[in-house]
Amino acid sequence: MDYLADLTAAQREAATHVEGPLLVLAGAGSGKTRVITRRVAYLLSQGIPDRQVLAITFTNKAAAEMRERIAALVPIRGLTVATFHAFCARMLRVYGDALGVANDFTIYTQSESVRAVKQAIERQGLDTTNWSPDKIQGRISHLKNRLETAAEFSKYAGDYSSKNVAKIYTAYQDTLRSANAMDFDDLLMKVAMGLRDNEAFRGLLQDRFRYVLIDEYQDTNEAQYQIARRIAEGHGNICATGDPDQSIYGWRGANIHNILDFEKDFAGCRVIRLERNYRSTPQILGAAGSLIARNRKRKAKDLFTENPNGRPVRVVEVDTAEDEAREVAEDIRRECRAAGNYADVAVFYRVNSLSRALEDALRAAGIPHEIVRGSSFYERQEVRALVAYLRLLANPADDLALLRIVNVPTRGIGDTTVKRLEGFAAERGVSMLEACRRVGEVADLNARAQKSVGDFVKLLDDMATLDRVRMKQLVIDVVRLTDFDEYCRKLEGGEEDRVANVNELVNVAASFDAEQDEEATDAESEGVTPLMRFLERVSLVSDQDDVHEERPKVHLMTLHAAKGLEFPIVYIVGLEQGVLPHAMAEEEGRDLEEERRLCFVGITRAKSRLTLLHARYRMQRGQTNRQMPSVFLREIGDVGVERQSLARFSSSAPVFGVRRDSRREVGTTRRYPAPRQPAAAARTAQADREEEARLRAALPQDESPYKPNQLVKHPTYGIGTVFEVTGSGDSLKVGVRFPNIGEKKFVAQHARLEILARR
DNA sequence: CTCGGATGGGTTTTT
DNA sequence: CCCATCCGAG
């Protein structure tokens, strides 16, 4: 058992637990992944067949990593390592008959789901302004996560709003059914309900998966909890790993009580705490511990470390977001010159909008950097469109897929034509594709439209004859038939990226083909075509397979995106009331504890150097606001913490600023940290106003930033020269001359002009 | 169909 | 302020 040799006593105890429920409360940086992988290896070494083991993670990346790390220890073939969603999709494909689920369903992504909800709203004659598709989709998603069907919800929906949601929910399900599609939540819901109501299905899964392991258990929602519980209910072999202190997804339905109540749910449960941290300095851990101790909803857990002392945690006050960003950039410079590498550095923030100032400052300082997770690969327009073609091939009833590509690339099938086709399809109860086929029967279509639709059908028919065994070739052929590269080139903006994305999809297809060759034909997957599997992969995988990092870069990301990562040097910006904790969490009486956990997650990512920053003024929604330092800055305590002010205008430099904004004080006063320096508290409103006036004067707020001969950049016209500036304030107008285009006038506040260097 | 301008809304985000 | 989306004009 050499793979147990390097484990501590507690880790080994967890890794060698075989029968019965086990809860591993794994503190941040306590070697959880190690325990999980060793435990799986141990189970297999005890003669348990790998196909009886089910390991569930939350992201595909985590699943891939776990699989890899297990494979490095023991040979595996039939082991299931998957996300909840991928697992459910698989079960529905393979054992779906037991539930009466057709196994050739397609999976709608988030954006497709929203689109379908929007259609449902419109079909109910409701206005999409009052009934925002996004929000309604969110509500439906939550209902599904709680296993409430449209029919059940309709029964209980009382008020006007809920009744309409019920109507939309019902209509949306109709759409999904007729498109033979499921959204992400359906995958979980169908399996959870199947396990609950269908004995045969439950029996199949319980027999098949004798050992269940669920990682990040603190992030499970009700549906996922039900799935785990029902599968484990016969044999009780369930191992949950996680950390309540790192539960940060409550807002999307995760229920922290799943992990808090695990011991109650599974009688005879063994609990193992991993409290030794291998990642951070005592200073960083001390700050984190002091902070999280304020939470009531948790399991007492004392993180400790044997790591040597490091530098103090640095808390820095600055005046503005720009100062904050500049300080981060300068400090990165200092740190990296001394010891590090840019890849050692990460900057975290609560909301994406804070990344802008950071990006500007890093760019200005010439520090290579990257924002982690912009729009994901598979949500890119061009990729979605190509995938839609494939989807339509696999499932001709997929109307949403058809709608997505009916005029992509443009082929003269406009909205009017589409509306008429939709009308026809709805009337006859046929698919959109069928409606297109029978375009001759559709009323009120002119000859040109008919021809366009006819050509489109011809194109799809040609496509249908393509060989569907090799995905790479299929994608290439689809690109060729649709002249897709040409279309990408014609689209303005990042055209090279678009072609590159198409090529990337070809690569994904190629590696999929390669995997298919390697993987022995799985008896279970009979009847599931390679195309279906490929589409499943593409729908469920949102991350681009990690692009290999070329040169070292500073990583910028939200606190949510930071979970599970670690960096030697970490900066967290915007530690201010209303930002972290976020205003929404306070105002709506939402969970301040989750915000605290978020901060905790950020802090515990740092290995050796942690800097927390807060600005006294921050521009939000076009307005400069006075910002209170975050309560969390106080809660991290003073041991191993060094506080510093770089604010230019503050004489007393209180680390915890003075309350001045009377509006914000109301009702929340008690939560605010007490001012440390009474003298500061005594400052008058007059003094504040003066200071603000000075500050404002110091900020670059010219009456007009545009001057004749100024170089500017317009998103459409490109770079031009200002030749005229008239008016002021809201009616400030700017005349710009663009080479080869001519002169244009813009209302400054509307036109998105970017100021370039002054001539 | 395509563009520019008006309008409204604004955590966090994986699957 | 910044963005996505909608809407009317050409």
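Throughout, a chain's letter reflects where its sequence line sits, starting with A, and its residues are numbered from 1.
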Which nucleotide, [options], lies nearest any side-chain atom of [X]?
X	options	answer
A:H560	B:dT13, C:dC2, C:dC1	B:dT13
A:R621	C:dC3, B:dT11, B:dT13	B:dT11
A:K118	B:dT15, B:dG10, C:dC6	C:dC6
A:R252	B:dT11, B:dT2, B:dT13	B:dT13
A:E595	B:dT11, B:dT15, B:dT13	B:dT11
A:T410	B:dT2, B:dT11, C:dC2	B:dT2
A:Q110	B:dT15, B:dT11, B:dT13	B:dT15
A:H85	C:dC2, B:dT13, B:dT15	B:dT15

Quiz item: Is A:F184 stacked on the base of B:dT14 when the test is centres under 5.5 angstrom and planes under 30 degrees?
Solution: no

Practice problem: Round to a whole Å and report the spacing from NZ of A:K135 to P of B:dT12. | Solution: 13 Å

Exercise. Let me know the distance between NE2 of A:H582 and C1' of B:dG10, rounded to the nearest Å.
Key: 9 Å

Quiz item: If anything within 90° of 0 is syn and all else is anti, what is B:dT12?
Solution: anti

With sugar-phosphate meaning primed atoms plus P, OP1 and OP2, does [X] contact a base, only sugar-phosphate, or nothing at under 4.0 Å between heavy atoms?
X	value
A:N407	sugar-phosphate
A:R356	sugar-phosphate
A:N352	sugar-phosphate

Does this structure show an ion pair linking [X] with [Y], if we count only N-O contacts that are shorter than 4.0 Å?
X	Y	answer
A:D134	A:K118	no
A:D183	A:K144	yes
A:E576	A:R350	no

Quiz item: With a cut-off of under 6.0 Å to the ring centre and 45° to the axis, is A:R252 in cation-pi contact with A:Y249?
Solution: yes

Quiz item: Does NZ or CZ of A:R391 fall inside the cone over A:Y108's six-membered ring, less than 6.0 Å from its centre and within 45° of the axis?
Solution: no

